Protein chains: 2
Amino acid sequence: MARAGLTAERVVRAGAELADEIGFEQVTPSELARKLGIKTASLYSHVRNAHDLKTRIALLALEELADQASAAIAGRAGRDALRAFAHTYRDYASQHPGRFAAARFRLDADTAAASAGVRHSRMMRAILRGYDLPKLQETHAVRLLGSVFNGYVELELAGSFSHSAPSSDESWTEVLDALDSLLRNWPAPP
Amino acid sequence: MARAGLTAERVVRAGAELADEIGFEQVTPSELARKLGIKTASLYSHVRNAHDLKTRIALLALEELADQASAAIAGRAGRDALRAFAHTYRDYASQHPGRFAAARFRLDADTAAASAGVRHSRMMRAILRGYDLPKLQETHAVRLLGSVFNGYVELELAGSFSHSAPSSDESWTEVLDALDSLLRNWPAPP
DNA sequence: TAAGTTACCTAAGAGTATTAGGCAAATGTA
DNA sequence: TACATTTGCCTAATACTCTTAGGTAACTTA
């Protein structure tokens, strides 16, 4: 019997591809085994179980996304950085919808803390340094940015913006301009 | 054999409760049948299949949420309406996390168009009427609001805000103030 | 009370997740 | 080169899950 020469890493990468093809929810050991041309049981030497598989795909996606975002904001500040970061997010989601869904997979606290997820919030904080926000408002602003990026992309992926004018592209740039303006005129706390 | 006296509607309501107990993803025919004390196969006289069950729970949740939001914004305008609407969203999600997840279940286009989802965007548009937005910017603003509300609540539910100060409650009010301020000073298009 | 409806059942087929144990291909060692 | 070890993949088996088909007994209505 010829071997496929798989490793845990190759399995996870194939899982990520599969997620982009059929959706992250639909990625299961049996489906992935089919794609790889091996028996389902054979996967269990590379991955602990179905949940472990999904977790690893999520970690991969978080890492990839952080890498791309980090490259995008390098050397930029203020509005430019904000736009570059946001575009990276949206582009990644449209090119890799399954991976993006994976990045939103709910990890347990420890795994999340050790994931590339923390780089994401660090980058947002870095972007905010280009705006003159009161120190105490920074976390609020980070949470707002995270909410908008995740929320917008998810709604768009769900098709919520595709059945009415104006185009989602247009809204996206307007929304980013609005956010930029908001960050430059953040309301003073009471 | 004593009958449980179920109907499609009671089944769906039980499904919604189950979602709040164990999570929407985990709601399956077999699990629901267990909760109801009947055999799995018996569910199929009330519901077409697993997907149909989830769809109906989603529609129920959208309806409930729209009802509550509609009651909350009645008689209010501007900042008050914005806050009332937003709080309804967040409260519903924290009291009914499973139903809230259900409300985000991806419906096919026709079902979505016939769902209470359309009431949600109508309400957001109504709220925006309290602000003096350029007509063309209204849709962009609706999309921004939807993104923030969905995004924030989802991140919060995922625990993203629970492991660092300040509290999510605090961020939520700051974020809403920021949104209010943004809507009152929406940047002029180029 | 007889007829019709229907809420629930049992039975069965196909598929999935997971574990246990086996063999043969790749790899390291003498 | 020959041997031992590791390991990548297999078959087999268990215990689910979803779904369909057909039956029966409990309610409803005339």
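All figures in this text were calculated on a predicted structure; none of them were measured in a lab.
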So which nucleotide from [options] ends up closest to the side chain of [X]?
X       : options                : value
A:Tyr44 : D:dC9, C:dA17, C:dC8   : C:dA17
B:Ala50 : D:dG8, D:dT19, D:dT17  : D:dT19
B:Pro29 : D:dT19, C:dT10, C:dA17 : D:dT19
B:Ala41 : C:dA17, C:dC8, D:dT20  : D:dT20
A:Ile38 : C:dC8, D:dC10, C:dA17  : D:dC10

Whole-Å distance between [N] [atom2] and [X] [atom1]?
X       : N      : atom1 : atom2 : result
B:Arg48 : D:dT20 : CZ    : C1'   : 15 Å
A:Leu53 : C:dA17 : CG    : P     : 10 Å
A:Leu36 : D:dC9  : CG    : C1'   : 12 Å
A:Asn49 : C:dT18 : CG    : C1'   : 9 Å
B:Glu9  : C:dA7  : CD    : P     : 13 Å
B:Asp52 : D:dC18 : CG    : C1'   : 14 Å
B:Lys39 : D:dC16 : NZ    : C1'   : 14 Å
A:Arg10 : D:dG8  : CZ    : P     : 10 Å

* Asked: With sugar-phosphate meaning primed atoms plus P, OP1 and OP2, does B:Ser30 contact a base, only sugar-phosphate, or nothing at under 4.0 Å between heavy atoms?
  ->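 Sugar-phosphate: the residue B:Ser30, judged by heavy atoms under 4.0 Å, touches backbone atoms but no base.
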* Asked: How is A:Thr40 classified with respect to the nucleic acid when contacts are heavy atoms under 4.0 Å: base, sugar-phosphate, or nothing?
  ->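 Result for A:Thr40 = base.
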* Hey, would you say the A:His51 and A:Phe105 ring centroids sit under 6.0 Å apart? ->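 Yes, they do, as the ring centres are separated by less than 6.0 Å.
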* Considering residues, nucleotides and ligands other than B:Glu21, do more than 12 of their heavy atoms fall under 6.0 Å from its CD? -> yes
* Got a sec: does the CG of B:Asp132 have more than 12 other heavy atoms crowding it under 6.0 Å? -> no
* Should A:Asn185 and B:Ser181 count as side-chain neighbours, where that means a heavy-atom distance under 4.5 Å? -> no
Looking at [X], does any N or O in its side chain come under 4.0 Å of the phosphate oxygens OP1/OP2 on [N]?
X       : N      : answer
B:His46 : C:dC8  : yes
B:Thr7  : C:dA7  : no
B:Arg34 : D:dT17 : yes
A:Ser45 : D:dC9  : no

* Asked: A:Trp172 and ring pair (Phe, Tyr, Trp, His ring centres under 6.0 Å): which partner among A:Tyr89, A:Tyr152, A:Phe161?
  -> A:Tyr152
